[in-house]
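First the structure, in the form of structure tokens, and then the observations on it.
Computed from a predicted structure; not experimentally measured. Here is the naming used below: chain letters follow the sequence lines, and residue numbers restart at 1 for every chain.
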2 protein chains.
Amino acid sequence: MSAPPELPHPPADSLSLSQVLFALSDPARREIARNLREGPLEAAACSAVAADVPKSTKSHILKVLRESGVIRNEPNPNGRGRLLTLRRDDLEARFPGLIDPILDADLRES
Amino acid sequence: MSAPPELPHPPADSLSLSQVLFALSDPARREIARNLREGPLEAAACSAVAADVPKSTKSHILKVLRESGVIRNEPNPNGRGRLLTLRRDDLEARFPGLIDPILDADLRES
DNA sequence: CCGATGGTTCAAGTATTATCGAACCATGAG
DNA sequence: CTCATGGTTCGATAATACTTGAACCATCGG
């Protein structure tokens with residue numbers, strides 16, 4: 001699927017609010033997070049975001065989201081490619097009530 | 001008190017989520033916002049933030065918060081200095097449920 | 001084994017932010 | 001009027017972040 005099967009993820013109890021807010025301060029990154037609300041997606045599939053953006057760029061976007069703890073990026077157990085998951089529970093545990101208002105807000109942006 | 005008595009503020013209905021999240025992705029900026037939760041403060045007073053930071057730096061921090069629509073920065077009607085206000089209602093109207101979880105989160109940061 | 005597919009990492013260039021001194025501004029006190 | 005106080009703006013430099021091509025990696029299909 002991709003390079004190192006296992007990529008590093010910050011533990012649930014050490015997520016940084018600054019990092020999370022920064023990660024979500026970008027529309028493209030928020031869009032990915034929003035795509036994952038209804039459940040995990042294959043990385044290749046979730047590209048609601050720009051088909052025209054180079055893969056290295058997309059990979060970087062995912063990296064920021066992963067390193068901030070917003071998403072999980074792991075090898076797809078059954079199937080090819082990688083599986084992206086919103087770390088909803090971890091975020092909710094550490095920053096209660098934070099994630100939903102953020103993702104909801106975009107839905108009705110003027 | 002300071003330069004132009006009236007500084008520009010974004011209208012309540014055009015606040016940008018990206019700008020707000022970005023502004024609040026910095027601990028120092030969040031701290032200021034938190035200081036304003038219980039009501040407006042004189043700029044000079046609210047320096048819970050570093051007394052050692054140069055005033056131009058502090059002014060810049062306030063600028064980011066102001067331009068994102070998080071705070072209002074206006075001449076103090078009765079008294080000297082400038083008055084800082086958290087634009088709670090405006091934020092709440094545009095991004096319901098967003099601001100409180102963010103400011104609450106810092107209170108129990110590990 | 002081989003190629004195609006999907007994905008990461010590296011490096012380099014560009015762009016955006018942060019920091020802070022210095023100059024400037026406005027007001028209140030004397 | 002003048003000075004001290006509190007604050008903004010400007011300009012330069014440093015630090016971060018973004019973007020992208022190229023190289024590399026892993027897995028699946030055939």
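Closest-nucleotide positions on DNA chain C for B/Val64 and B/Lys55 were compared, and the one nearer the 5' end corresponds to B/Val64.
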Side chain to side chain contact (heavy atoms under 4.5 Å, CB included) between A/Leu24 and A/Arg29, intermediate numbers included: CA-CA 6 Å; A/Leu24 294 175; A/Arg29 290 190 296 244; 5.5 Å; no

B/Val70 vs B/Arg87, side chain to side chain contact (heavy atoms under 4.5 Å, CB included): CA-CA, chis, key distance, verdict: CA-CA 6 Å; B/Val70 173; B/Arg87 294 181 64 179; over 6 Å; no

Intermediate values then yes/no, side chain to side chain contact (heavy atoms under 4.5 Å, CB included), A/Ile71 and A/Leu36: CA-CA 9 Å; A/Ile71 69 170; A/Leu36 301 177; 3.7 Å; yes

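The two atoms that bring B/Gly69 and B/Leu15 nearest to each other are CA-CD2, 3.8 Å, heavy atoms only. Heavy-atom minimum distance, A/Ile102 versus B/Leu17: O-CD2, 3.6 Å.
Not a single donor-acceptor contact under 3.5 angstrom links the side-chain atoms of A/Ser59 to the base of C/dG7.
Under the side-chain hydrogen bond (donor to acceptor under 3.5 Å, both in side chains) criterion, A/Asp100 pairs with A/Arg37, A/Arg88, not counting sequence neighbours.
Note on B/Asn73: every side-chain N or O is 4.0 Å or more away from OP1 and OP2 of D/dG7.
Which of D/dC18, C/dG21, D/dA22 sits closest to the side chain of B/Ser56 comes down to C/dG21. Looking at the side chain of B/His60, the nearest of the listed nucleotides D/dT9, C/dA18, D/dC18 is C/dA18.
What separates CZ of B/Arg66 from C1' of D/dG7 is a distance of 12 Å, to the nearest Å. Rounded to an integer number of Å, the gap from CD of A/Glu42 to P of D/dA26 is 19 Å. The NZ atom of A/Lys58 sits 9 Å away from the P atom of C/dT8 (whole-angstrom rounding). At whole-Å resolution of the value, CD in A/Glu67 and C1' in D/dT16 are 14 Å apart. We find that CZ of A/Arg82 is positioned 13 Å from C1' of C/dT9, with the value rounded to whole Å. Distance A/Leu7 CG to D/dA26 P: 12 Å, rounded to the nearest Å. Rounded to an integer number of Å, the gap from CD1 of B/Ile61 to P of C/dA18 is 9 Å. Between the C1' atom of D/dA17 and the CG atom of A/Asp26 lies a distance of 11 Å, rounded to the nearest Å.
Of the possible donor and acceptor atoms, one in the side chain of A/Lys58 sits under 3.5 Å from a partner among the backbone N and O of A/Ala43.
The end-to-end axis angle of the helix from C/dC1-D/dG30 to C/dG30-D/dC1, rounded to 10 degrees and based on five pairs per end, is 30°.
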